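The next block holds one structure in the form of structure tokens; read it before the comments.
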2 protein chains.
Amino acid sequence: MLTDRQLLILQVIIEDFIQSAQPVGSRSLSKKEEISFSSATIRNEMSDLEELGFIEKTHTSSGRVPSELGYRYYVDHLLSPQALKKNEMQLLKSVYAGRIYELEKVVQKAAKILSELTNYTAIVLGPKVKDHKLKKIEIVPLNSETAIAIIITDTGHVENQLITLPSSIDMSEIEKMVNILNDRLTGASMSDLKDKIYKEVAVLLSQHIRNYGALVSTLAESLTSTRPEKLFFGGKTNMFRQPEFHDIHKIHSLMSMIEQEQGFYELIKQNPAGINVKIGRENQISALEDCSLITATYSIGADQVGTLAVLGPTRMEYSRVISLLSTFSNDLTALLTKLYQKP
Amino acid sequence: MLTDRQLLILQVIIEDFIQSAQPVGSRSLSKKEEISFSSATIRNEMSDLEELGFIEKTHTSSGRVPSELGYRYYVDHLLSPQALKKNEMQLLKSVYAGRIYELEKVVQKAAKILSELTNYTAIVLGPKVKDHKLKKIEIVPLNSETAIAIIITDTGHVENQLITLPSSIDMSEIEKMVNILNDRLTGASMSDLKDKIYKEVAVLLSQHIRNYGALVSTLAESLTSTRPEKLFFGGKTNMFRQPEFHDIHKIHSLMSMIEQEQGFYELIKQNPAGINVKIGRENQISALEDCSLITATYSIGADQVGTLAVLGPTRMEYSRVISLLSTFSNDLTALLTKLYQKP
DNA sequence: GTTAGCACTCTACATCAATGAGTGCTAATA
DNA sequence: TATTAGCACTCATTGATGTAGAGTGCTAAC
């Protein structure tokens, strides 16, 4: 495969380009400390690396730029893990600061810190609601036709949903219903709710409430309408600073995509546990063809509940971001496990 | 003051520039239908209009561009109200579509429609929470130290807040407290809560709960911590399409400002009832110096609860946007009044 | 196998002239 | 007296031209 010298050159080219955003030439390479051979030699090696598809020219007589394949190889084989600086660690630890018990707030803050630390855009997915346990259900009638159903989970997450009441129902019936629901469903995981409602609760309701059929299905639907996990963003406008996005059309399509959210939801959700790196067109989305997305999952106990992600240009500081994400996801997992996994 | 001919010329210049985004010259003006005199005459008039500060040149031999003063005069005196098209009306009415009872959803949808109709950025402020009436309070303990307080208003708005419990409290005390709170506070307007808690509720609580002092103040603070009215955006990225924002730095500072939200909150909140137009630097914010902001307030009954706003370039279709906003704010007021103002 | 040297390529930048849309001014016109 | 035609002038835009600099590929020498 590649000789040690080729690997060295590839690595130096990529790291130089990540720094400078400028094509790297043989002469400027030969001046580097790490490199002890002449520019002509480098040119020969570069020519081979280009033939192998790891680097590219922007025009016939330009310096070289890493290709997606080059980045991929770099990420898979050449990456030197980078220790975090003290102040980075400090900022990172500040997620713990203050007494935050609300999961969403922790996660929102995580996105903010991550974007500040990287100067890229941070996206945090989660936490998955369906693995949470139901703490309490409340139903508050607003008028004769509608009521608000409120669901509280053990993680402090509150959800509410408007439901339509059958016209015949009266207050005492609602009260009974709420009691039954809480009695039977408290402690159940959110994903089991629907099942339990039909299997356990329906029978009970039928004994106390006229017209229970419509109500049961309304309830079942509204309590479990799979509300997707929320996305939290940090540093949405950070990409404006990257020279590759000084082009109006590129930054427009990128910002539009960020605004849509949906696309990122799909993109991030599908990642398996651990650290994942998607480079440029590996993301399969044209607005992201100059971007890389690095994701890291986090968990509560053994349950993977969400994902941290950093979106940057393909010319991204992979090594730093990967270190950051890996540390952060571990810390976050530890924090959340401590807070929410009751023995 | 200005002659009729000068007014005509000013109007045509502005409307042409709004259309084309290009400086308007005397010769191209003279070719317009509305204009029956020669380019030389126009040049003379233009010269006067420039001296008066209504129009400007971008360089010594360029056509003219409206100044902020010009737009201001146009908005105040020359605007011809523009009837809405049928499909515009239709889209506008679609806010009513479906049974939406949740105020926030209505308002969010309003922002979306407004941005689609104008191709500018829409911002909707409100609804003000403090004028809503309390429907119910619920307190759900999560563990021995923390609980979640949930507040439901008559408009279907649900708020929740983490509170810290005094270490000595037990379940039955919490239950008593919730009963007292609901008993005393239901139907009170949100802005009165704090007062009432100290004046009416504190005494009662003291009779039933040990250590009530700390709890009362925690409650009072967390129930009334003036959560500002939310901002809803539509078409955040629409400004990318405006040629005046093809400059990276301009669009960057604008998007950053939109991302911050806070600035717009201040800006929009302060507007008096009715339609208001702020042109360019009238907004006092450098990121908005090429923008105009048109606001329209909406109400529930006689209470002004929020504001619709459209942010566009100074070269904005004032007439169309004003018509839209005015119709929309009336419709929205009517809708909300019907839905939420119970006799 | 490595390197020095050289011809060649391409970008970036500056200069220059031509074009065209615009202006201001003046003198003729109605 | 108000309007207009005519003209000299200005400036942005465009395309052509030239040059400097950074880069490459190739060949021949080490």
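Please read these numbers as outputs of a predicted model, since none were measured by experiment. Chain A is the first sequence line, chain B the second, and so forth, proteins listed ahead of strands; every chain is numbered from 1.
In the set C:dT2, C:dT3, D:dT3, D:dT3 carries the atom at the smallest distance from any side-chain atom of B:T41. Ranking C:dT2, C:dT23, D:dT4 by closeness to the A:R5 side chain, first place goes to C:dT2. Out of C:dT3, D:dA5, C:dG22, the shortest distance to the side chain of A:F37 is found at C:dT3. Which of C:dG24, C:dG22, C:dT11 sits closest to the side chain of A:H59 comes down to C:dT11. Comparing D:dT24, C:dG24, D:dT10 by their closest approach to the side chain of A:R64 singles out D:dT24.
Proximity of B:S26 to the phosphate of C:dT23: a side-chain N or O atom is located under 4.0 Å from OP1 or OP2. Side-chain N/O atoms of A:K57 include none lying less than 4.0 angstrom from OP1 or OP2 on D:dA22. Close to C:dG24, at under 4.0 Å from its OP1 or OP2, lies no side-chain N or O of B:S61. Taking only side-chain nitrogens and oxygens, B:R43 never comes nearer than 4.0 Å to OP1 or OP2 of D:dT3. Contact check, A:K31 against D:dA22: no side-chain N or O comes under 4.0 Å of OP1 or OP2.
Side chains of B:S319 and B:Q82: a donor-acceptor N/O pair is present below 3.5 angstrom, by distance only. Using modelled atom types, one finds no donor on one side chain facing an acceptor on the other under 3.5 Å when comparing B:Q270 with B:E266.
Counting heavy atoms from C-beta on, the side chains of A:I268 and A:L293 come closer than 4.5 Å.
Under a cut-off of 6.0 angstrom, the local environment of CD in A:Q19 is sparse, with at most 12 non-hydrogen atoms contributed by other residues, nucleotides or ligands.
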